[in-house]
Novice: 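This is the structure I want to talk about, given as structure tokens.
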Amino acid sequence: MMKTVISAKAILVLAATALVGTVSMFAQASGEQKTLTGVVSDAMCGQTHMMKDKPDADCLRYCVKQGTKYALVVGKSVYTLEGHEAELDKYAAQKVTVKGTVKGETLTVESVIPAK
């Protein structure tokens with residue numbers, strides 16, 4: 001009888017562990033809602049713009065026209081931004097607060113407002 005009780009407990013612990021792992025994998029796959037504040041840049045230049053003779057906003061607009069994506073620089077992290085390109089262009093090289101869904105290094109934008 002004691003072996004049966006221990007085995008049942010072991011099975012419940014394993015099942016609970018598997019369920020928690022599945023839930024966290026699902027959360028990562030679907031993305032996580034976040035609000036981040038940083039500077040609008042582009043995915044190629046990130047924190048340091050390459051056109052030293054031009055303002056940062058001009059550099060990032062040029063890079064975006066060449067096919068790179070907008071990005072948000074938050075400290076040492078750079079998130080590639082998806083969506084709301086017209087708003088992002090308006091805030092080029094400015095500090096903003098972005099709400100959206102983060103999946104890995106990509107932030108799908110829901111809203112962009114100037115940072116306070």
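Keep in mind that what you see is a predicted model, and the values were worked out from it rather than measured.
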Novice: So, for A43 and A71, which heavy atoms are closest and what is the spacing to 0.1 Å?
Specialist: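 Scanning both residues completely, I find the closest heavy atoms to be N-CB, 3.6 Å.
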
Novice: Taking the hydrophobic residues Ile, Leu, Val, Met, Phe, Trp and Tyr, and joining any pair whose side-chain heavy atoms are under 4.5 Å apart, which ones share a cluster with M44?
Specialist: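 Under the 4.5 Å side-chain rule, M44 groups with M50.
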
Novice: Can you tell me how far CG of D42 sits from CG of L88, rounded to the nearest 0.5 angstrom?
Specialist: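 CG of D42 is found 11.5 Å from CG of L88.
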
Novice: Taking V73 as the starting point, is it possible to reach V98 by hopping between hydrophobic residues whose side chains are less than 4.5 Å apart?
Specialist: no

Novice: Could I get the full list of side chain to side chain contact (heavy atoms under 4.5 Å, CB included) partners for T97, not counting sequence neighbours?
Specialist: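 Testing T97 for side chain to side chain contact (heavy atoms under 4.5 Å, CB included), a comparison that skips the adjacent residues, returns T35, T37, I113, A115.
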
Novice: Within the side chain of K52, is there an N or O that forms a donor-acceptor pair under 3.5 Å with the backbone of H49?
Specialist: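 The answer is yes, because a donor-acceptor pair under 3.5 Å joins these two groups.
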
Novice: What are the two closest non-hydrogen atoms of Q94 and K90, and how far apart are they?
Specialist: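 Reported closest heavy-atom pair: NE2-O, 3.5 Å.
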
Novice: Report whether V109 and L36 are members of the same hydrophobic cluster (ILVMFWY, side-chain heavy atoms less than 4.5 Å apart, transitive linking).
Specialist: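 Linked, V109 and L36 end up in one cluster.
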
Novice: Between D89 and V64, is any pair of side-chain heavy atoms under 4.5 Å apart?
Specialist: no

Novice: Side chains of T106 and E82: closer than 4.5 Å at any heavy-atom pair?
Specialist: yes

Novice: May I ask you to test the V96-L72 pair for a side-chain heavy-atom distance under 4.5 Å?
Specialist: yes

Novice: Compare every heavy atom of V74 with every heavy atom of G38, then report the nearest pair and how far apart it is.
Specialist: CA-CG2, 4.2 Å

Novice: From L107 CG over to K99 NZ, what is the distance, rounded to the nearest 0.5 angstrom?
Specialist: 12.5 Å

Novice: Is there a side-chain contact between Q47 and S41 in this structure, where contact means two heavy atoms from C-beta onward sitting under 4.5 Å apart?
Specialist: no

Novice: Is it possible for you to say whether Y62 and V78 belong to one hydrophobic cluster, with membership spreading through side-chain heavy-atom contacts below 4.5 Å?
Specialist: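 Not linked; separate clusters.
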
Novice: Could you give the distance from CE (M51) to CG (L60), rounded to the nearest 0.5 Å?
Specialist: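 So the gap between those two atoms works out to 10.0 Å.
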
